[in-house]
Amino acid sequence: MGNEVNGESRDPGRGRLKETVDTVGGVEIRAIAEDEIAAWDRALALGFLRSHVESAADFRRLQYEPGRVLAAVDDGRHVATFRSFDVELTVPGGATVQADAVTAVTVSATHRRRGLLSRMMSHDLAAARERGSAVAILIAAEYNIYGRFGFGPATRGHGWNIDLLRTRGLREGLPTVPGGRIDFVGMEELRKVGPELHDRWRLTQPGAIARDDIWWKRTTGETKVPGFDWKEPFAAVHRNAEGTATGLVVYRVDDSWDGSYPNCTLTVADFLALDRGAAAELWRFVLSVDWVRKVVAENIGVDDPLPLLLSDPRAATPYVDNADFTWLRVLDVEAAFNARTYGAPGRVVLEVEDRDGYTAGRWAIEVAADGTGRCTRTSDEADLALDASALGSLYLGGETAPRLAAAGLVTELRPGAAAAADLLLRTPLAAWNPDNF
């Protein structure tokens, strides 16, 4: 029999919502049954201002997990939507933690400001904490919504526009892969090669998340999603001399001509490389495609050295959408901070304010000389004061304590504490997540 938590029926074995009904001003908030997916999908499309698209209910059924798809229902009509799923998130040092990935969040314009999102989020985060998720993550369509739930910007989207007429390709002296080769692959082969390569790559990149089978089927066109145009991209795999896949690039090319002169743009949709040699070889390949005059790398790592690989780095100009991307909320401070590694030995005590209680209290992070850390509750005097949102921003190293202190989002209780904390939390590779969800 399920136990009652905040009026919710729980499955103690799995910790997930079970056909729960909550009421806000006469509007039910509950997990939907599988036969309600079509109605939920219509509400989702309406919430995202897509009023005339073909139903994506068949695709939603592939993603359906009992208790993880929520709706607000008013007189039989779905007026708000919410979905979450578990995913592995890579943290500094290469370990992973279980993350509650929140997505498909909408509230109908007719039912705003009634607390529907607050109640759905409250249900989901409580269930996620019971399941053992160390953190929750989401991608915010609007900046000012999710801070009040304890989420903070944790990674940034980042990209470059590269003018090939200016750069003249890559500079000399870059790493090479003797015996390596690059081959085009079709979508069927990409579905075979891509998952294993990505699983190896994501453990090297803090902030990266796992890609499931549905992700690969959708990306390669095996599974179509109504309302989202899919056109088969170009895909090329780099292999070393032993034949092992060490890199991958997926891109599309528009067909544009300036009179009799080709003026095409190549847009990189996915780029993975396990070493600098494979990365250089793949970029050399991308920058040499015939008829292309501009390369757009829509989303690559914030500290990726791509501009410095060019003969003229000034040929790379920032892509317009360099903004916050993944937002993160810590649910279990000890599990989250004990999983990652750190930049320098030392100790810092954080005083965290959290209205929902998950991270509230005083926490000591002690780091050994080898970069391993231990996070525990403490009664010692605090060095820094911050809220749950700022804690989420600091966790992956995507934001710095001095910068947050300068913005008034972290308070120094001991002079120099922000700089000291920055040394501990610093990561050699900036957090980055290439995947929307």
Side-chain angles (χ1 to χ4, degrees), residues 84 87 89-92 97-103 105 117-118 121-122 124-126 128-129 133-158 205-209 302 321-337 339-340 342-343 348-363 365 375 382-412 417-418 421-422 424-427 430-433 435-437:
S84 70
V87 69
L89 169 74
T90 303
V91 302
V97 297
Q98 179 175 300
D100 177 56
V102 174
T103 186
V105 178
L117 171 57
S118 295
M121 185 68 79
S122 176
D124 183 76
L125 294 182
R129 181 66 178 84
S133 293
V135 301
I137 58 174
L138 55 80
I139 296 170
E142 297 180 64
Y143 193 94
N144 292 314
I145 295 176
Y146 295 101
R148 67 180 187 269
F149 302 118
F151 289 85
T155 77
R156 297 184 64 82
H158 187 265
Q205 177 59 63
I209 59 175
V302 176
D321 196 22
N322 293 345
D324 58 276
F325 192 62
T326 309
W327 289 53
L328 185 144
R329 203 254 197 260
V330 178
L331 294 173
D332 185 328
V333 177
E334 289 177 297
F337 281 87
R340 58 158 291 176
Y342 296 84
V348 64
V349 177
L350 307 177
E351 179 80 49
V352 183
E353 180 183 352
D354 185 348
R355 70 174 192 177
D356 294 321
Y358 297 110
T359 63
R362 200 169 292 172
W363 304 92
I365 301 174
C375 179
D383 301 308
L384 297 172
L386 65 164
D387 65 9
S389 178
L391 185 70
S393 291
L394 289 174
Y395 174 57
L396 293 176
E399 188 56 90
T400 70
R403 188 167 184 260
L404 292 183
L409 298 172
V410 166
T411 301
E412 275 194 327
D422 184 46
L424 268 64
L425 297 168
R426 182 178 299 172
T427 60
W432 174 57
N433 169 29
D435 294 329
N436 209 329
F437 58 88

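A heavy-atom distance below 4.5 Å is not found between the side chains of Val352 and Val333. When side chains are defined from C-beta on, His158 does not count as touching Trp432, because their heavy atoms never get closer than 4.5 Å. Contact of the Leu386 side chain with the Leu409 side chain is not registered, since no non-hydrogen atoms from C-beta on lie closer than 4.5 Å. In this structure the side chain of Pro92 reaches within 4.5 angstrom of the side chain of Leu396, judged on heavy atoms.
In this structure, Ala401 and Ala421 approach most closely via the heavy-atom pair CB-CB, 4.3 Å. Minimum interatomic distance between Leu331 and Ala128 (heavy atoms only, all atoms of both residues): CD1-CB, 3.9 Å. Smallest separation of non-hydrogen atoms from Val410 and Ala390: CG2-CB, 4.3 Å.
When each of Leu394, Leu391, Val97, Asp354 is tested with Val330 by the rule side chain to side chain contact (heavy atoms under 4.5 Å, CB included), just one qualifies, namely Leu391.
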Self-check item: Trace of the side chain to side chain contact (heavy atoms under 4.5 Å, CB included) decision for Phe437 with Val87
Solution: CA-CA 11 Å; Phe437 58 88; Val87 69; over 6 Å; no
Practice problem: Applying side chain to side chain contact (heavy atoms under 4.5 Å, CB included), run through Val102 and Trp327 and close with a yes or a no. | Solution: CA-CA 10 Å; Val102 174; Trp327 289 53; over 6 Å; no
Exercise. For the pair Val91 and Val135, evaluate side chain to side chain contact (heavy atoms under 4.5 Å, CB included) and give the outcome as yes or no after the intermediate values.
Key: CA-CA 11 Å; Val91 302; Val135 301; over 6 Å; no
Exercise. Start with the C-alpha gap between Phe149 and Ser122, add the side-chain angles, then the distance that decides, and say whether side chain to side chain contact (heavy atoms under 4.5 Å, CB included) holds.
Key: CA-CA 8 Å; Phe149 302 118; Ser122 176; over 6 Å; no
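A salt bridge links Asp356 with Arg329: at least one charged nitrogen is closer than 4.0 Å to a carboxylate oxygen.
The CZ atom of Phe337 lies 6.5 Å from the CG atom of Leu425; values are rounded to the nearest 0.5 Å.
Surrounding CD of Glu353 are at most 12 heavy atoms belonging to other residues, nucleotides or ligands under 6.0 Å away.
Residues Asn433 and Thr326 have side chains that bring a donor and an acceptor to within less than 3.5 angstrom of each other.
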